There are 2 protein chains.
Amino acid sequence: MSFFSKSCEYALRAVFYISRSTQEGKKVGVKEIAENIQSPEAFLGKILQRLSKEGIIQSAKGPNGGFFVTEENIKRPISDIVLSIDGKALLTGCGLGLKECSEDKPCPLHHYFKDIREQLKGMLDNITIDQFNNDLIKGKVMLRK
Amino acid sequence: MSFFSKSCEYALRAVFYISRSTQEGKKVGVKEIAENIQSPEAFLGKILQRLSKEGIIQSAKGPNGGFFVTEENIKRPISDIVLSIDGKALLTGCGLGLKECSEDKPCPLHHYFKDIREQLKGMLDNITIDQFNNDLIKGKVMLRK
DNA sequence: ACAATAAAAGATATCTTTGTCTTTTATTAT
DNA sequence: ATAATAAAAGACAAAGATATCTTTTATTGT
Ligand code: FES
Ligand code: FES
């Protein structure tokens, strides 16, 4: 197990890549994205479709088409991506899998767990999509395996 | 997605239940455990088999048999259970799914992510199995959905 | 020895996630 | 209009996680 599903990992990496490309003034196709984040092309296509439908990214069909982001898009926190792909279980659910996480019927780990989960949520809520464009352009951070 | 796999959630809840039962001086069978933590019986059986094989819990066949824990067992951190069932990805892997998490080739989230992961790891390393026996006996914490 | 008990082991089934392939729809440039 | 491009949509395949069922092995009490 890892924090995010494969789909969500691809989604995050892809959105970062798209954001940088938009910053550089160009739309990008699935193929280019998939190559640069090392993900299966067709599978990534499905994921981007979803993100596009949810308004997290934009897409344009036809020649010179591809994926890109708007000013509004890149100001959004990455928790939007995580919620959209993996749902809210990670950010609000009980760590031991009880039907719901609650103060009055807590699982043994609740007290400790709650804090970690809140921190993760806080982090994802506060990091915006555009935040890494410069680091990406400078090659300071990686999107490829 | 949630932090742990279903298997791991069952494992943790079961081990807590077994630990309390041992504390109360009795071995417990799969059936009783499954009922009390609300998990599928046969599936839980497999998980307990694995934990038993790894020496995290003990088992005894035949009449008056069942699962129990030793003094050594209950002093172990619950990270042992998590590692045994879900592997190390959650505790050491890259949050964005890069082949490995590293300082010199970090993913965009690395800087933030690292801390959260370390805290989760720290928590799991420091919480011992026996730590909740009293709370469980007093009904302060729950193992049932 | 025998019957009863309970975990271990093996085989199989179902569901979800991940991944691929083909066809359709929209857009652009010629 | 037509051809080329690229995403959207749909159908399908493979793998892994979850779950069930049956048979075997070990242990106990009679
Ligand atoms: S009840 Fe389990 S984490 Fe809150
Ligand atoms: S490289 Fe991604 S978390 Fe460290």
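Keep in mind that what you see is a predicted model, and the values were worked out from it rather than measured. Below, read A as the first sequence line, B as the second, and so on, with proteins coming before strands; counting in each chain starts at 1.
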Review point. Does the side chain to side chain contact (heavy atoms under 4.5 Å, CB included) test come out yes or no for A/L98 and B/E9, once each step is laid out?
Key: CA-CA 9 Å; A/L98 302 194; B/E9 289 174 354; over 6 Å; no
How close or far is atom [atom2] of [N] from atom [atom1] of [X], stated in whole angstroms?
| X | N | atom1 | atom2 | result |
| --- | --- | --- | --- | --- |
| A/F4 | C/dT17 | CZ | P | 16 Å |
| A/Q38 | C/dT18 | CD | P | 18 Å |
| A/I85 | C/dT17 | CD1 | C1' | 13 Å |
| B/Q49 | C/dA11 | CD | P | 13 Å |
| A/Q58 | D/dA6 | CD | C1' | 16 Å |
| A/K31 | D/dT5 | NZ | P | 12 Å |
| B/L51 | C/dA8 | CG | C1' | 14 Å |
| A/F67 | D/dA6 | CZ | C1' | 9 Å |

Review point. Between the side chains of A/D130 and A/S19, does any donor sit under 3.5 Å from an acceptor?
Key: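 Judged by distance alone, the side chains do not pair up.
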Point to revise | No-hydrogen, no-angle side-chain donor-acceptor test under 3.5 Å, B/Q131 and A/Y112 | key: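 Side-chain D/A pair, B/Q131 to A/Y112: present.
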Review point. Picking from B/E32, B/R144, B/E35, what satisfies side-chain hydrogen bond (donor to acceptor under 3.5 Å, both in side chains) with B/Y17?
Key: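 Answer after filtering B/E32, B/R144, B/E35: B/E32.
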Could you measure the distance from the [atom1] atom of [X] to the [atom2] atom of [Y]? Nearest 0.5 Å is fine.
| X | Y | atom1 | atom2 | result |
| --- | --- | --- | --- | --- |
| B/C107 | B/E100 | SG | CD | 12.0 Å |
| B/C94 | B/H110 | SG | NE2 | 8.5 Å |
| A/N134 | A/I137 | CG | CD1 | 5.5 Å |

Point to revise | Helical bend (five base pairs per end, nearest 10°) for the helix from C/dA1-D/dT30 to C/dT30-D/dA1 | key: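 Both end axes considered, the difference amounts to 10°.
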Exercise for review: Please list residues of residues 6-30 of chain B whose heavy atoms come under 4.0 Å from any atom in DNA chain D, ordered by number; otherwise none.
Suggested key: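 When residues 6-30 of chain B is checked for heavy atoms under 4.0 Å from DNA chain D, the hits, listed by number, are B/K6, B/S7, B/Y10.
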Check your understanding: Quick check: does any side chain N or O of B/N126 sit under 3.5 Å from a backbone N or O of B/G122, one acting as donor and the other as acceptor?
Key ->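 Yes, the answer is positive, given that a donor and an acceptor are paired below the 3.5 Å cut-off.
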Point to revise | Donor-acceptor contact present, side-chain A/R76 to main-chain A/T128, <3.5 Å | key: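 Answer holds: no.
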Review point. Quick check: are there more than 12 heavy atoms from other residues, nucleotides or ligands sitting under 6.0 Å from NZ of B/K121?
Key: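 No.
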Review point. So, is B/S52 close to the C/dA7 phosphate, meaning a side-chain N or O under 4.0 Å from OP1 or OP2?
Key: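 False: B/S52 side-chain N/O out of range (4.0 Å or more) of C/dA7 OP1/OP2.
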Point to revise | Short side-chain N/O contact to C/dA8 OP1/OP2 from B/S59, under 4.0 Å | key: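 So the side chain of B/S59 is within the cut-off, an N or O lying under 4.0 Å from OP1 or OP2 of C/dA8.
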Review point. Which parts of nucleotides 20-30 of chain C does protein reach within less than 4.0 Å, heavy atoms only, written one letter per nucleotide 5' to 3' as B for base, S for sugar-phosphate only and - for none?
Key: BB---BBBBS-
Check your understanding: Given side chains that start at C-beta, do those of A/L51 and A/S84 come closer than 4.5 Å, heavy atoms only?
Key ->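 A side-chain contact exists here, since the closest heavy-atom pair is under 4.5 Å.
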